[in-house]
Amino acid sequence: MGKINYDNSLLFAKEMDEKDPLTHYKNQFHIPKINGKTQLYFCGNSLGLQPKITQEYIQQELDDWSKLGVEGHTDAKNPWKPYHEFLTENMAEIVGAKPLEVVMMNTLSVNLHLMMVSFYQPTKKKRKIIIEKDAFPSDKYAVESQIKFHGFDPKADLILWEPREDYYHLDDLEKLLKENADEVALILIGVPNYYTGQTFDLKKITKLGHTHNALVGFDLAHGAGNIQPNLHDSQADFAVWCSYKYLNSGPGSVGGCFVHEKHADNINLNRFAGWWGHNKETRFNMRQEFDPIKGAEGWQLSNPPILSLAAIRASLAVFKEAGFENIREKSKKLTGFLEFLLEDIKGDAIKIITPKNPTERGCQLSVELKSAGKDFFKDLTAAGVIADWREPNVIRLAPIPLYNSFEDVFLLVEKIKSLLD
Ligand SMILES: *Cc1c(COP(=O)(O)O)cnc(C)c1O
């Protein structure tokens, strides 16, 4: 991407929209209206918007269920027995993985626990876990409870990677690994960090971890559908994500899980098993010893909720059609425009705490309010903006390339400016 000479004008924003090859996708989404007024929606990092085709995809399964009952497992237009497989290829592409390495199942925190059953097997000597200081609360609770479950003490064994001057630095992570030489069993990092929006080089973190004999997993709740994590190439041991943020698959929809190919048929790993992870040929004989499917599918427990998978399938079809590289390309321009406009605001009422370097962030910008507080956010909401507030003083704004326009971004910053005045 060449450097863009942004201009602070509505005319410029409209020109960018006209030139944008993805501009028509906005029309393929339901944009929320409150009291008849279409909102400026910048909260796709919390709950992505609904593609218009989602209803059709779900309706298809409701129709087949009403017509076929149980026979739908094999005779539905999209048979339910292998339904999760219909998602795999498109999902794998978005996270840069091989289909063998990816499965949609459960929800994020559940998958995180299942992954730790396999990839966090502490010993007295090697039992520590490293996470970011500002990790998402669910991730922190999950790792603390795993440490306790194994009879250890999170106060001693959970190590926090602290940011310095707003950003996380890899050399600090390396220092932690050296200070705790051979005692770290697992590194788990959120990519991007949900609070600051800083993203990381997964390959470098994995290499650091593996050099120090620690396994490495990533939480891509804010990464999947936002940045390209190149999971396979990163050599990460595992990753988990949800589908309701950037992946637009509806509240509480099923999550994703990645297990690197190198672990695909390692039957010596601990795992919590269920019948859906069992060899498909003999699954319905109901009598065999557990025989896990090779790859990520072997970690499935239950037959999955088809209505939720239908919503994911619809959303992935939109991603496929638009092309993830094109989405990412627009994302950089759109976020760059938001940054340019915010920096053009006079005075020092706000500060962007997300890295400036486009390779160190996805589309979210976290904006720290220097003088205003939560009332400002309430006024912004009343003015027709849906964004996200994080205590003590941060507003997270995510311009989503599939359904936000350059004009949306311009109008957002105009509202912020007039409220600051
Ligand atoms: C959104 C989010 C979660 C949510 O977990 P669920 O199990 O889907 O409720 C977990 N971790 C991170 C980093 C998140 O951003």
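Ligands are counted one by one from 1 in listed order, and the atoms in each one are counted from 1 as well.
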Peer 1: For Phe238, is the NZ or CZ atom of Lys262 found under 6.0 angstrom from the centre of its six-membered ring and inside 45 degrees of the ring axis?
Peer 2: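 Checked: cation-pi criterion not met.
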
Peer 1: Going by an N to O cut-off under 4.0 Å, is there a salt bridge joining Lys77 and Asp64?
Peer 2: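 No.
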
Peer 1: Can you name the residues that come within less than 4.0 Å of ligand 1, going by heavy atoms only?
Peer 2: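 The 4.0 Å shell around ligand 1 contains Leu108, Ser109, Phe136, Asp139, Asp219, Ala221, His222, Tyr244, Lys245.
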
Peer 1: Report yes if some heavy atom in the side chain of Tyr194 is under 4.5 Å from a heavy atom in the side chain of Gln364; otherwise report no.
Peer 2: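 Not touching, per the 4.5 Å side-chain cut-off.
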
Peer 1: Report, as yes or no, whether the 6.0 Å neighbourhood of atom CD on Glu391 holds more than 12 heavy atoms from other residues, nucleotides or ligands.
Peer 2: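 Count over threshold, so yes.
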
Peer 1: Quick one: are the ring centres of Phe200 and Trp161 less than 6.0 Å apart?
Peer 2: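 Phe200 vs Trp161: aromatic centres under 6.0 Å.
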
Peer 1: Can the positive tip of Arg396 be found less than 6.0 Å from the middle of the six-membered ring of Trp389, inside 45° of the ring normal?
Peer 2: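 No.
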
